[in-house]
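Below is one structure, written out as structure tokens; the observations come after it.
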Amino acid sequence: IRSMRASSAPSVRARAASIDFSVRLAEASAAPSGMVLVPATDLPIALASPDVPVSLPAFFIDQFEVTNREYLEFVDAGGYDSSEYWHSLPLGRTNENWRTTVARFVDATGRPGPATWEVGRHPEGAGDHPVTGVSWFEAAAYARFRGKSLPTAYHWYRAAFALNES
């Protein structure tokens with residue numbers, strides 16, 4: 001590990017001093033609880049075309065992962081039995097109705113819920129841990145339950161950008 005004294009690197013200090021690290025914050029009353037604002041930008045994303053930037057408006061994203069306790073609210077509220085959370089999801093190229101497909105999303109004991117749970121419950125003491133063992137479809141249904149949507153690859157890419165991406 002190397003360290004340097006501030007006085008030994010004037011060019012580094014000058015470059016850092018010229019970078020604008022200011023970030024537009026959302027009004028506290030406009031920010032949904034537990035979410036943070038990701039500012040708008042035009043991104044040169046290789047997933048699309050490195051020469052044509054993708055324009056993303058500002059958006060809110062959850063500050064933390066969904067916990068087992070939060071996901072349990074969806075399960076206990078009948079989330080796996082409610083068509084409003086599952087309709088129009090791309091559940092496959094079959095003629096099955098949504099109930100037949102969703103019936104496959106079960107825990108280790110065959111109850112609706114994440115594959116890592118048992119008897120419809122998360123492991124004891126893991127309520128505040130991030131939920132695991134859910135499919136993309138279950139995550140999308142949960143997001144609808146909360147009045148949200150899943151971020152796209154572009155949103156993830158944007159959220160991971162540094163504050164001084166300009």
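Residue indices begin at 1 and follow the sequence shown.
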Nearest 0.5 Å, what's the [atom1]-[atom2] distance between [X] and [Y]?
| X | Y | atom1 | atom2 | result |
| --- | --- | --- | --- | --- |
| Phe59 | Arg158 | CZ | CZ | 7.0 Å |
| Thr152 | Tyr157 | OG1 | OH | 13.0 Å |
| Arg146 | Met35 | CZ | CE | 11.5 Å |

Verify same cluster id: Phe64, Val131 (apolar side-chain graph, 4.5 Å): no
Got a salt bridge between Asp107 and Arg121, using NZ or NE/NH1/NH2 to carboxylate O under 4.0 Å? no
Just by distance, do the side chain of Thr116 and the backbone of Thr132 share a donor-acceptor pair under 3.5 Å? yes
Output yes when a side-chain donor or acceptor of Asn68 lies under 3.5 Å from a complementary backbone atom of Tyr71, and no otherwise. no
With sequence neighbours excluded, what pairs up with Glu84 under the side-chain hydrogen bond (donor to acceptor under 3.5 Å, both in side chains) test? Ser82
Tell me, please, which residues at least two apart from Ser88 pass side-chain hydrogen bond (donor to acceptor under 3.5 Å, both in side chains). Arg144
side-chain contact (heavy atoms from CB on, under 4.5 Å) evaluation trace for His155 with Val38: CA-CA 9 Å; His155 291 102; Val38 178; over 6 Å; no
Regarding Tyr80 and Glu138, is there a side-chain donor-to-acceptor distance under 3.5 Å anywhere? yes
Side-chain contact test, heavy atoms from C-beta onward, threshold under 4.5 Å: evaluate it for [X] versus [Y] and give yes or no.
| X | Y | answer |
| --- | --- | --- |
| Trp86 | Thr101 | no |
| Tyr142 | Val134 | no |
| Trp136 | Pro90 | yes |
| Arg111 | Val75 | no |
| Glu70 | Thr67 | yes |
| Leu89 | Trp98 | no |

List the atom pairs, donor and acceptor, that lie under 3.5 Å between side-chain atoms in residues 122-130 and the rest of the protein, sequence neighbours left out.
{"unit_1": "Asp128", "atom_1": "OD1", "unit_2": "Arg69", "atom_2": "NE", "d": "3.3"}
{"unit_1": "Asp128", "atom_1": "OD1", "unit_2": "Arg69", "atom_2": "NH2", "d": "3.0"}
{"unit_1": "Asp128", "atom_1": "OD2", "unit_2": "Arg69", "atom_2": "NH2", "d": "3.3"}

Which residues pass the ring-ring contact (aromatic ring centres under 6.0 Å, His included) test with Phe145, sequence neighbours left out? Phe74, Tyr85
Run the salt bridge (Lys or Arg N to Asp or Glu O under 4.0 Å) test against Glu118 and tell me which residues pass, sequence neighbours left out. none
Assess whether side-chain contact (heavy atoms from CB on, under 4.5 Å) is satisfied between Trp117 and Leu72, documenting all intermediate values. CA-CA 10 Å; Trp117 291 10; Leu72 181 60; 3.9 Å; yes
Across all chains, not counting sequence neighbours, the side-chain contact (heavy atoms from CB on, under 4.5 Å) partners of Val106 are none
Looking at every non-hydrogen atom in both residues, tell me the closest pair between Ala40 and Ala58 and how far apart they are. CB-N, 3.3 Å
